[in-house]
Structure formats: structure tokens, C-alpha cells
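Remarks on the structure that follows.
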Number of protein chains: 2
Amino acid sequence: MKDMNQTNQQILSYARNFLQCRGYNGFSYKDISQKLGIKNAAIHHYYPQKEDLVAALLEASRNKLAADIAQIVESGGSAREQLQYYFDYALKEFDEGKSICPPGSVILDFEELPEKVKKQNLLLLDDILTWISRVLKTGVEQGEFNFSDPVDARAELVVEALMGARQLSSIKGRKTLVRSISLIKSDLGWKD
Amino acid sequence: MKDMNQTNQQILSYARNFLQCRGYNGFSYKDISQKLGIKNAAIHHYYPQKEDLVAALLEASRNKLAADIAQIVESGGSAREQLQYYFDYALKEFDEGKSICPPGSVILDFEELPEKVKKQNLLLLDDILTWISRVLKTGVEQGEFNFSDPVDARAELVVEALMGARQLSSIKGRKTLVRSISLIKSDLGWKD
DNA sequence: TTACTTACTTACATATAAGTAAGTAATGGT
DNA sequence: ACCATTACTTACTTATATGTAAGTAAGTAA
């Protein structure tokens with residue numbers, strides 16, 4: 001939050017990109033500093049340790065998610081609109097080259113991750129699951145969706161399927177992602 | 001293939017475990033050699049480079065998959081039985097601590113991976129997708145499954161969903177995996 | 001018994017990541 | 001004019017991964 005000058009923002013932006021492409025152990029401060037045309041050690045000025053950087057990045061994701069949801073809800077967004085936002089977000093990130101969602105990108109390294117990062121990741125994951133559960137619940141109540149499974153289990157599968165779809169699509173291309181999203185929707189009894 | 005003495009087998013076994021927990025960049029020759037009580041350089045005796053090791057490991061997966069499928073088919077396994085084998089395999093691996101499937105475990109590092117490893121991973125992925133497509137196709141024809149989407153798209157989603165489910169389950173526990181598998185089945189119109 | 005192979009070890013080379021300490025140049029306030 | 005702060009750079013340390021070269025001990029085949 002605090003001092004958000006341009007360099008800091010660019011650091012976060014590139015770090016996010018790298019994280020969502022290569023995971024926690026897949027990028028270094030040097031990768032970022034080279035992009036910005038500054039030195040390795042400059043990143044340490046903003047984020048003394050890598051865990052600080054990634055934790056900050058995940059926390060920012062979480063705040064953005066909360067703000068975006070609040071805005072949709074406030075403007076009277078239906079369950080379908082909210083879920084569509086989730087899918088569109090994945091597509092947008094795919095088009096920006098961020099093939100993997102943040103939670104997915106650190107799952108592999110999860111056990112070996114610094115506590116700080118683990119914690120932020122769990123919080124983000126939980127926010128997403130809670131939100132999707134709530135969306136599915138109201139969607140079923142409003143007749144926007146139609147399925148008979150427990151809402152929480154179904155929400156988990158939606159998140160998992162999208163996570164997997166993003167990963168496979170990073171190899172097989174955008175069409176795969178689009179197609180899978182449309183199947184996920186149809187499994188919710190969402191007929192256009 | 002060739003010389004499969006005990007050390008070699010153990011190397012492959014530990015490497016597979018590490019790969020499926022931590023991904024390509026998440027483990028080193030030292031991790032493996034320590035487990036075996038031998039020296040780092042001994043692994044290089046069997047696999048001069050890391051890419052040789054991982055490529056060999058993926059190829060072995062592919063061969064095992066082909067053999068297992070052949071055996072099920074030969075013994076007259078139905079589409080449901082074949083698909084159940086796929087799910088049971090995921091559960092078995094989960095119980096062995098291999099939380100992530102091999103293809104999923106290298107997707108994050110994919111672009112930066114040595115050609116050899118990329119190639120083997122694509123082949124494995126393709127074998128799985130082809131197999132599941134074929135199983136779904138015959139399953140629909142035999143009335144074992146019931147869905148209306150194109151078989152290939154549905155097969156992709158099954159694979160993606162299971163991949164994602166394994167990953168989330170590595171954090172949230174076995175119950176999540178079991179629950180998601182049962183939803184994936186119900187989305188195929190598989191009612192017990 | 002000699003020659004060769006297998007399965008390693010010791011010791012080293014190279015690269016890179018993560019992090020620190022100290023210094024500098026520019027800016028703004030007092 | 002002085003001081004503090006910000007935003008870096010230079011130069012270094014430490015740790016670890018990957019890989020190589022050379023050697024050795026035990027077994028195998030002629």
C-alpha cells in the first residue's frame with residue numbers, strides 16, 4: 001500500500017507476471033530488475049526479501065478482488081454476472097500472458113514456501129472459494145443456475161476446473177480455455 | 001529401460017515423488033542422493049543431465065499408462081471401469097504423497113524447460129487426452145455416460161478438473177479430491 | 001591374470017540466487 | 001546552508017544447483 005511510486009508498481013506488475021507464468025521458484029530479482037533497467041539490489045530497497053514481495057503481491061490481489069466484487073454487487077450484479085466476471089478475469093489474464101492463477105502458481109512450491117506467502121495464498125484462495133460459493137448459492141436461489149450438489153463442493157470444482165483449464169490452456173491455447181469455461185457453465189445448469 | 005538396477009529405480013522413484021510435489025525446478029540431484037545415502041555425482045552416472053532424468057521418468061509414465069490401459073481393455077474393462085482407474089490412480093498417488101500429476105507438475109516451468117522434457121510431457125498429456133476421449137466416446141455409445149457436449153472438449157475438462165482438484169487437494173486435503181471426483185463423474189451423467 | 005565395465009567417490013568449476021553494507025546523487029524541508 | 005529522506009548503485013558474501021574430471025573398488029569375461 002504505502003508508497004506506490006512507479007518503480008514499485010512496475011516491480012509488482014512484473015513480479016506478478018513472472019509468478020503467474022513460472023511460480024515462486026521460477027523467477028528472480030534479476031529477472032525483474034532487468035525488465036526495469038535497474039539493478040538487482042534496487043528491488044531489495046522496496047522488498048527486502050522475496051517473500052515480502054510475493055506476499056505483498058498476493059495481498060494486493062486479495063484487496064483488488066474484494067474491491068471488484070464489492071463494486072459488482074453494489075451495482076446490482078446478478079450471480080451470473082459475478083461468475084462471468086470471474087471467467088472474464090481468467091481470459092483477460094490469459095491474454096496478458098498470465099497463464100496461471102496466483103493460487104495455482106504457488107501450489108507446487110507450497111510446502112517449502114515462507115510462512116508469510118503461504119498465509120496470503122491461503123487467504124486469497126479462501127476469499128475466492130467463499131465468494132464463488134456465495135455466488136452459486138444465490139444463483140441457485142434465483143434460478144440462474146440449476147444443479148443439485150452441495151454448493152460448497154460445486155464451488156470447489158468450479159475453481160479447480162478453471163485452475164486446471166488455465167494450466168492446460170497455457171500449453172494448448174486460448175480455444176481450450178474458452179471451451180472449458182463454456183462447459184463449466186453448462187455443468188451449473190447455465191443455459192444461455 | 002535398459003539397466004534397471006535398484007539404485008536406478010530408486011532414483012526414478014524419488015525423482016518422481018519430488019517432481020510431483022515440487023515441480024521441475026523444485027528439487028535437485030542432492031535431494032535425491034541424500035535420500036539414497038549416495039553422492040550427488042552418482043546420479044549423474046545414471047542420468048548425465050537433469051533433463052535426461054526427468055525425460056526418462058516421463059517416458060516411463062507413458063509406457064506404464066499404455067501398458068495399464070492395454071491390460072484393462074484386454075480384460076474387457078468397460079468405459080466406466082477405465083475412467084475409474086484414472087480416478088483411482090489419482091487417489092493412490094495422493095495417498096503416496098504425489099499430490100500433483102506429472103503433466104501438471106511441469107506446466108509452470110513449461111516454457112523454460114529443456115526441449116526433451118517438454119516433448120515427453122506433451123506426449124504424455126496427449127496420451128492421456130486421447131485415452132480419456134476414447135473412453136468417453138465409447139461410454140456414451142454404450143449408455144454408460146450421458147452428456148451432449150463434444151467428446152474431446154468434455155475429455156479436456158475432465159483432465160483439467162482432475163488436475164486442478166489434485167492441486168487444491170494438496171492444500172485442502174483428501175476429502176476435497178474425493179468430493180470433486182464424484183462431481184466430475186456426475187457431470188458425465190454417471191449415476192451409480 | 002588381465003582387461004574391461006559398473007557403480008560409485010572426491011574434488012573441483014561455473015553459474016546464479018538471495019541478501020547485505022556502504023556509498024552517492026537528487027530532492028525537499030527548515 | 002544544512003539535514004534528512006528517497007531511490008537507487010557498487011561491490012561484496014553466502015549458499016546452492018548443475019555439471020565435470022579423475023580416480024577407485026568390486027565384479028565379470030576372455
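Within every chain, numbering begins at 1; the chains are lettered A, B, ... in the order of the sequence lines, protein sequences first and strands thereafter. These numbers were taken from a predicted model, which means no experiment stands behind them.
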Can you see if the side chain of [X] gets near the phosphate of [N] - specifically, an N or O under 4.0 Å from OP1 or OP2?
X       : N      : answer
A:Thr7  : D:dC8  : yes
A:Asn40 : C:dA17 : no
B:Tyr46 : C:dC8  : yes

**OP:** State plainly whether the residues A:Asp109 and B:Arg22 are in salt-bridge range, i.e. N to O under 4.0 Å.
**Re:** no

Distance, rounded to the nearest Å, where [X] contributes [atom1] and [N] contributes [atom2]:
X       : N      : atom1 : atom2 : value
B:His45 : C:dT10 : NE2   : C1'   : 16 Å
A:Lys30 : D:dT16 : NZ    : P     : 20 Å
B:Leu36 : C:dC8  : CG    : P     : 9 Å
A:Ile11 : D:dA7  : CD1   : P     : 10 Å
A:Leu53 : C:dA17 : CG    : P     : 15 Å
B:Phe18 : D:dA17 : CZ    : C1'   : 14 Å
A:Lys50 : D:dA15 : NZ    : C1'   : 15 Å
B:His44 : C:dT6  : NE2   : P     : 19 Å

Subject >> Sorted by number, the residues of residues 104-112 of chain B with heavy-atom contact under 4.0 Å to DNA chain D >> reply: none

Original post:
Going by atom types alone, do A:Ser105 and A:Gln20 pair a side-chain donor with an acceptor below 3.5 Å?
Top reply: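 Not at all, the side chains of A:Ser105 and A:Gln20 share no donor-acceptor pair under 3.5 Å.
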
If you count every heavy atom of other residues, nucleotides or ligands that lies below 6.0 Å from [X] atom [atom1], does the total exceed 12?
X        : atom1 : value
B:Lys185 : NZ    : yes
B:Gln71  : CD    : no
A:Lys175 : NZ    : no
A:Lys39  : NZ    : no

**OP:** State which of C:dA17, C:dT10, D:dC8 makes the closest approach to the side chain of A:Ser28.
**Re:** C:dA17

Original post:
Which nucleotide in the set D:dT9, D:dA17, C:dT10 lies at the smallest distance from any side-chain heavy atom of A:Lys39?
Top reply: D:dT9

Subject >> B:Leu108 versus A:Gly104, closest heavy-atom pair with distance >> reply: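 Heavy atoms only, the tightest pair is CD1-O, 4.5 Å.
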
Original post:
What residue pairs, at least two apart or across chains, pass salt bridge (charged side-chain N to carboxylate O under 4.0 Å, His left out) with a residue in residues 65-81 of chain A?
Top reply: A:Lys64-A:Asp68

Subject >> Flag side-chain contact, heavy atom, 4.5 Å: B:Asp187 against B:Arg154 >> reply: yes

**OP:** Represent DNA chain D in dot-bracket notation, 5' to 3'. Only Watson-Crick or G-U wobble pairs with both distances under 3.5 Å count; pseudoknot-style crossings use [ ] and interstrand partners use |.
**Re:** ||||||||||||||||||||||||||||||

